[in-house]
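Numbers restart at 1 for each chain; the letters A, B, ... are given by sequence-line order, proteins then strands. Here the structure is a predicted model, which means the values were calculated and not measured.
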2 protein chains.
Amino acid sequence: MFELSQVRCFVAVAEELHFGRAAARLNMTQPPLSRQIQILERILGVKLLQRGNRLVRPTPAGQSFLTEARLILKLTESAALLARRVADGKAGSVNIGFTAASSYSYVPELVAACRQQLPDVELILKEMVSGDQLKRLGAGEIDIGLLRPPIPRSGLQFFRVKAERMIAAVPAGHKLAAAATIDLADLAAEPFITYAPYEARYFHDLLVELFSRAALAPVYVQHLAQIHSILAIVQAGVGVALVPEAAEKLQFKGVALRPLADDQQRAAELYFVWRDDNDNPLLPVIAAIARDLAGRAFSSEVDTGSR
Amino acid sequence: MFELSQVRCFVAVAEELHFGRAAARLNMTQPPLSRQIQILERILGVKLLQRGNRLVRPTPAGQSFLTEARLILKLTESAALLARRVADGKAGSVNIGFTAASSYSYVPELVAACRQQLPDVELILKEMVSGDQLKRLGAGEIDIGLLRPPIPRSGLQFFRVKAERMIAAVPAGHKLAAAATIDLADLAAEPFITYAPYEARYFHDLLVELFSRAALAPVYVQHLAQIHSILAIVQAGVGVALVPEAAEKLQFKGVALRPLADDQQRAAELYFVWRDDNDNPLLPVIAAIARDLAGRAFSSEVDTGSR
DNA sequence: TGGTCCGATACCAATTTTGGATCAAATCGC
DNA sequence: GCGATTTGATCCAAAATTGGTATCGGACCA
């Protein structure tokens with residue numbers, strides 16, 4: 001098969017319509033240029049240029065090949081450029097796993113920030129529970145996980161991007177909805193909707209620990225994995241629940257969301273996790289964006305707290 | 001800039017994920033393969049492959065480059081293939097000039113036949129009068145002319161593709177429309193619409209000769225270049241005219257078309273013309289199609305005549 | 001008909017490429 | 001653990017390719 005140098009030779013001659021000038025443009029002498037064109041023609045089995053004694057002009061096949069040749073050269077250049085951009089972390093793609101809950105609160109901001117700062121980067125988002133994310137991280141199927149603790153030490157790096165309060169969700173007309181804050185003991189006295197022990201293990205364990213520390217034992221009437229399912233059940237009047245603050249973004253009608261009493265507050269943490277041997281050049285770039293976003297989130301959280 | 005052989009090397013390694021196997025696939029040994037990859041990486045300034053001791057895998061930049069590389073290789077192959085097809089007269093494009101009149105009778109059949117037999121060929125059709133076609137043929141701006149005599153000998157080849165009778169056009173209600181055939185003398189007695197001496201020189205000269213031979217001198221009331229314009233004027237009752245038989249295809253309401261008396265008939269000829277030094281491989285192919293079409297047209301004409 | 005322009009050819013020198021041998025590192029099996 | 005094996009990298013001599021100089025041959029021009 002032919003070589004790119006030959007294609008460049010041909011394009012030069014076809015554009016100059018003159019071997020001598022084309023050779024000059026290619027920084028070479030005329031004889032080797034003639035030879036390269038001949039070789040190209042022999043490889044293709046097609047005469048590309050009609051050499052009259054005073055003029056050179058492309059044959060119809062040469063004309064057609066010229067069009068393609070220009071395209072090929074353009075493509076090679078853009079391929080090289082793209083590879084460099086990817087290596088520089090300015091283009092490419094990253095697979096990101098995220099939990100359903102984070103899609104309400106953190107993922108949208110992260111995606112927006114990336115789109116703005118890295119317009120040529122493709123973010124491939126895959127919703128999955130934290131456990132699956134850890135598995136996929138290990139297998140190299142996702143580059144980044146946005147997940148809940150616990151995080152095993154083995155070859156993973158991570159930092160916290162979010163810590164959001166758990167707040168109570170009660171039916172809108174419920175007597176507890178009347179107060180600005182809700183006491184954990186009052187909540188535990190109601191029929192309680194909680195999280196599925198595997199699919200939403202983090203929240204499940206969080207609540208178990210929260211209640212046992214407070215020496216409370218609520219009556220669990222339902223286990224669910226998704227926050228929006230829980231809110232729907234609360235709305236239906238089946239019981240009350242504790243959900244992360246991000247649930248406010250869902251704007252669920254008929255459900256009142258109230259913070260817990262100050263001394264009972266508990267934060268649900270979200271971590272940005274990656275394999276430390278992941279060589280995707282986008283990783284440090286996106287990690288920096290994520291860290292920056294998290295920093296701003298925490299400082300604004302402090303603001304909110306101080307009000 | 002890099003070479004296609006290096007791209008092929010890289011694709012092989014990226015697909016096999018193994019230098020040895022890739023080398024075997026490329027019919028070479030492993031050391032030069034390793035080196036070609038290194039050279040490619042140095043040219044791009046980007047590490048494309050991560051060599052672990054038991055595994056090779058593409059870096060993100062390599063992954064992106066792999067996609068582009070496959071595209072480049074595919075394009076080179078298709079470019080070579082296309083060039084060969086053009087050289088074989090199976091693809092490509094031809095510029096064809098044609099007279100307005102031929103667009104009613106011959107061009108549609110020719111285009112249809114080409115589309116069917118040469119689906120990958122682009123026919124670029126340009127309407128122009130015969131004189132312009134000869135000029136453009138000389139300048140190489142069209143490959144084929146479909147035009148009227150006279151044709152100069154200088155470096156042109158040609159053959160006749162059509163000879164169509166001239167027929168009389170009279171307003172539908174006109175007294176001459178009553179007869180099945182019209183006598184030239186009767187026609188010449190009417191106000192006569194004829195052809196512009198330059199733009200439609202062939203028809204102009206044809207009529208001049210026809211009438212002078214018959215020792216007739218019609219009163220010319222209007223000169224026009226286009227057949228449909230002439231028919232429109234005839235329809236308006238301004239006068240009568242002689243038009244090529246193909247005018248029947250126009251289906252002009254309010255105009256009666258009648259053949260001349262048998263001994264007065266006169267044929268308008270259409271020729272397929274090209275420069276004998278034109279190297280477009282499509283030329284012989286399309287000429288053959290045109291000749292075939294002309295042959296069938298003439299034989300069917302003989303049929304009509306024998307009835 | 002000689003001069004000039006232009007691409008092709010012949011031949012030569014330099015570089016590049018090739019592939020065998022070898023090396024170094026790491027994994028696997030016993 | 002410790003060789004045996006696998007895998008990519010490196011070294012080196014031979015071969016091929018490439019580019020350059022000189023020259024040729026044909027065509028147009030004066």
Could you tell me whether Lys90(A) and Asp120(A) make a salt bridge, using a distance below 4.0 angstrom between a side-chain N and a carboxylate O?
no

Salt-bridge present (Glu16(A), Arg25(A); N to O < 4.0 Å):
yes

Between the protein and nucleotides 27-30 of chain D, list every N/O to N/O distance that falls short of 3.5 Å.
unit_1: dA27(D); atom_1: O4'; unit_2: Asn53(A); atom_2: ND2; d: 2.2

Pair Thr59(A), Gln63(A): side-chain N/O donor-acceptor within cut-off below 3.5 Å
no

Regarding Asn95(B) and Glu141(B), is there a side-chain donor-to-acceptor distance under 3.5 Å anywhere?
no

Could you check how far CG of Leu49(B) sits from P of dA9(D), rounded to whole Å?
9 Å

Ordered by number, residues from residues 2-22 of chain B within less than 4.0 Å of DNA chain D (heavy atoms) are His18(B), Phe19(B), Gly20(B)

In numerical order, the residues of residues 24-48 of chain B whose heavy atoms come under 4.0 Å of DNA chain D are Gln30(B), Pro31(B), Ser34(B), Gln38(B)

Closest approach of Ile286(B) to Cys114(B) (non-hydrogen atoms, all atoms of both residues)
CG2-SG, 4.2 Å

What's the separation between atom CG in Leu55(A) and atom CG in Leu17(A), rounded to the nearest 0.5 Å?
8.0 Å

Please determine whether ring pair (Phe, Tyr, Trp, His ring centres under 6.0 Å) holds for the pair Phe65(A) and Phe10(A), giving the CA-CA distance in whole Å, both sets of side-chain angles, and the decisive distance to 0.1 Å.
CA-CA 9 Å; Phe65(A) 190 72; Phe10(A) 170 70; 5.6 Å; yes

Check whether more than 12 heavy atoms from other residues, nucleotides or ligands sit under 6.0 Å from atom CZ of Arg84(B), and answer yes or no.
yes

Please indicate whether Arg115(B) has more than 12 foreign heavy atoms, meaning atoms of other residues, nucleotides or ligands, lying under 6.0 Å from its CZ.
no

Can you tell me if Arg51(A) touches the phosphate of dC6(C), counting only side-chain N or O atoms and a distance under 4.0 Å to OP1 or OP2?
no

Between Phe159(A) and Trp274(A), how do the two ring planes meet: parallel, tilted or perpendicular, split at 30° and 60°?
perpendicular

